[in-house]
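Working notes for the structure below.
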Amino acid sequence: MALLQGTLDLLILRTLLFGPQHGQGIARTIEQQAEDALLVDHGSLYPALQRLEARGWIGAEWGTSENNRKARFYTLTKAGRKQLTAQTQQWRRLAAAIGRVLGPEGA
Amino acid sequence: MWWKKRRSDEDFSSEIDAHLALEAERLVDDGMSPDEARDAARRAFGNTAKAQERFHEANHWIWLEQFTQDLRYAARGLWHSRVFAATTVLTLAVGLGLVTVVFAIFNAYVLRPFAVRDPYSLHRIVWTAPDAYGGSFRWQEYEELRGRRDLFGDVIAESTRYVSSPNGPLLTAFVSGNYFEALGARVLLGRPLAGFDAGVSGGNPVAVLSDEGWARLFDRDPSVLGRSIDLNGERLVVVGVMRPEFSGLDDMPRDLWVPVTMSGAVARQDLSGANQSREMVVVARPAAGVTPAQVQGALTPMMARIAERADVRAEAQPQPTPNPLSFGLVATLSPVFAAFVLVLVAACANVSNVMLARANARHREIAMRLSLGASRGRLIRQLLTEGLLVALLSGVAALALASATLQAGTAIFFATLPPTISALVRVVPLDLDGRVFLFALIVASGATLLFALAPAVRATRLSLTHALRGQPSATTRAATLRNGLVASQVAVSLVLLVGAVTLARNGVQVGATELGLNTAGIISVNQRGQEGSFIRGAAEALAGDPRIASVAVTSRNPLFGEFPKLPVTSSMTAGVVATSYMFVSPEYFPMLRIPIVRGREFRPEEARSEARVGIISAAGANALGLAPILWVRSSGSGSTGPPSGTARSRVSTDWPLATPRSRPTSSSSAWPEMSSADWSSKDGTPPICTCRRARRERTPARSSRASGRSRRRGWPRSRRCSARPTPIRSCSRSCRSTRCARRRCTRCGPRRGSARCWARSPWC
């Protein structure tokens, strides 16, 4: 299942809540946590990361990965944390509302 | 954020490389072979180039980058086709240059504020009535205005006139002592005039020069301070020179400023002394918090007293520039603007056509770029950039052209004027200032859209398959546009040409108009503010000079300016006719060779005896409904009442002559401006005089025939009479045919076949 438009940012921020991570790791974490139900388009991941960085929600630094490769590590900033809270609440409200409209499962 | 160091494209690429490596490693860990894993990682990522492009575009001022690219490309393109570039740039430069010239003049006379402190608070104090207007005050009235501290911050007064000097007439402003201090105009050298200069009657013999006066009198010699100038025989010391930006509070740059207290000595008319005349123009700044409307309300009683009538309103007219911008002004000037904008439009159409041809020649290149994935908008932008470059180059050329045109134009203007007039004419400096530059920039950019947009849109709308195969595409529509452009160009040019020819012909015709008076060898001497007795003496003295053939005295220069009017009634018209009049001495008619058609000229004894006689012009007689009696044979029989009121012969109206049967309805107080010695009355026999305009000599035979016929039919003797009693019918085409019984063209009066007959058609 492909991601809904605009949800990638939220998922990236959420993933970074657990600590610094590089792009490939972020994509991998999202897919694992969604139990491979979500497919992250690697091609749009990096422009999205760039966009979040430009907004100041995440910071970035080159570092070394666990298997000794050079990678760019992203960390959540204070503004990013705030943004994550806001977006999460917004998403939950939206999902709940849509759920109410659609009615109980199987109906 | 802009101050952050921008991440480079390379950094982004290496991140993508790192991602691919990590992903491949993970897949290998999952059990794939290294090659398979690398391919799978790439597949999962998709188009890396696309991601890089998106990064680049999001991260840069892409339009600026593309714009500089386009600009470089356009410059290279123009350099390669230099003939095309030169043609378009020069064509457009002519159009832009002309518009810039007009704007520079408009700017100098209308938009550019005076170089004084807070020019927008300056207001000229005047009074207006439904049919009258006054903006001149006595000195004591100025002082009264100046005393209104509740209304005004500063109040200044000036009176400007030409004063003779050995260097020719100098435009001299007699100003109140606070003039420069109140305006805050800045000096280049020395000091401005100050209160103490105008403090004492008889004055301080000092003067401040304008830049123009400095150039005229001293050739901009920096050691001018302390030197003296001769003004009407009076010696004044130069104490200062103003900066070139300030040349007075209207569109006639002053040569110099002199304290008002010197006016008696310099102009032989003491403006601030005992016998003051209304000569001062008053300009004021309303006090803080006072609106012009409040000023007008507060001053109206005073103005009513000054104008000696009740229906008068005071007005404070904003005077920030020589001719403040108003709707009426723009409306008056709009035909001029329209003509020059049309020139620009024609130039744009021309350039547009050339650009379209060039774009057509480049359609393979454009098709290639389109097929390589360039977007159409991007290509249009590139073609527009090319247009903008042409427009910018033209703009620069246009400014140079405008500057040269203005200089040459001013020089030609002065060179073609008669020297006596060019000595009097003053022109505001026509500089190209920031406002003109901005205007040129805006118009050049606007012109770009006008001439480059259509070709750009047209050129990029093509069928790729056709274009790449080398076949021209979209031919019909492009041809329509080209034809449209050519047609509009021809149309605009035709309009301009017709307008220009009409104006030129008008000018020639106005110059060739028979004024009805012969001014050859006539010199007019104007004397203002003097008593009648002085004029009588002067006229007699001049008449005694053997070099002078004859002297006539008039109240006005003939055909100059507006004439005073009198309400006149006649038995033939129901209402009152406002009739212009002037007073003349008996020598006036013979001297200007104004023929008297009926009756006689004034007699010298009538001038001396104040006889109640007058001569009426043909136009005046017509207006008063007296035309029919003109043709009565005996000169005296048409008139019963005492005639009075001379009228001038008019340019615009033709003939009939009148015996006046009118009398002024107003009392004798309507004649206060009499300054010549020759009009007046007692009782007198009423001589009837009618004057006729000078006409070309006719051949005697024709003349007698024509006049005989016209008399029989009750027509005027002149052949161009517009007041024919017969109804005007349309010209019969057959009037010249041999079978035609009608001997005369009914439309135009003249005999058939004559040069003026309108009916000379091939049918006749």
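Naming convention: chains lettered A, B, ... in sequence-line order (proteins, then strands); numbering from 1 in each chain. Both backbone and side-chain heavy atoms feed into the values below; hydrogens, waters and symmetry mates do not.
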Using every non-hydrogen atom in the two residues, find where A71(A) and A18(B) come nearest and quote the distance to one decimal.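 For A71(A) and A18(B), the tightest heavy-atom pair comes out as CA-CB, 4.5 Å.
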Closest approach of S65(A) and L22(B), non-hydrogen atoms and distance? OG-CD2, 3.8 Å
Can you tell me if [X] has over 12 outside heavy atoms packed within less than 6.0 Å of its [atom1]?
{"X": "R42(B)", "atom1": "CZ", "value": "no"}
{"X": "E61(A)", "atom1": "CD", "value": "no"}
{"X": "R82(B)", "atom1": "CZ", "value": "yes"}
{"X": "R381(B)", "atom1": "CZ", "value": "yes"}

Does any backbone or side-chain atom of Q52(B) lie under 4.5 Å from a heavy atom of chain A? Answer side chain, backbone, both or neither.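 Answer is neither: Q52(B) stays 4.5 Å or more from chain A.
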Where does T48(B) contact chain A at under 4.5 Å (heavy atoms): side chain, backbone, both or neither?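 Neither part.
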Pairwise distance CG(L45(A)) to CZ(F45(B)) - rounded to 0.5 angstrom: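 If I round to the nearest 0.5 Å, the distance is 7.5 Å.
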What is the distance from atom NE2 of H19(B) to atom OH of Y46(A), rounded to the nearest 0.5 Å?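 Between H19(B) NE2 and Y46(A) OH, I get 4.5 Å after rounding to 0.5 Å.
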Heavy atoms only, distances under 4.5 angstrom: which of H22(A), Q24(A), K70(A) has the most pairs with chain B? Name it, please. Q24(A)
Would you call R72(A) and D11(B) a side-chain contact if the rule is heavy atoms closer than 4.5 Å? yes
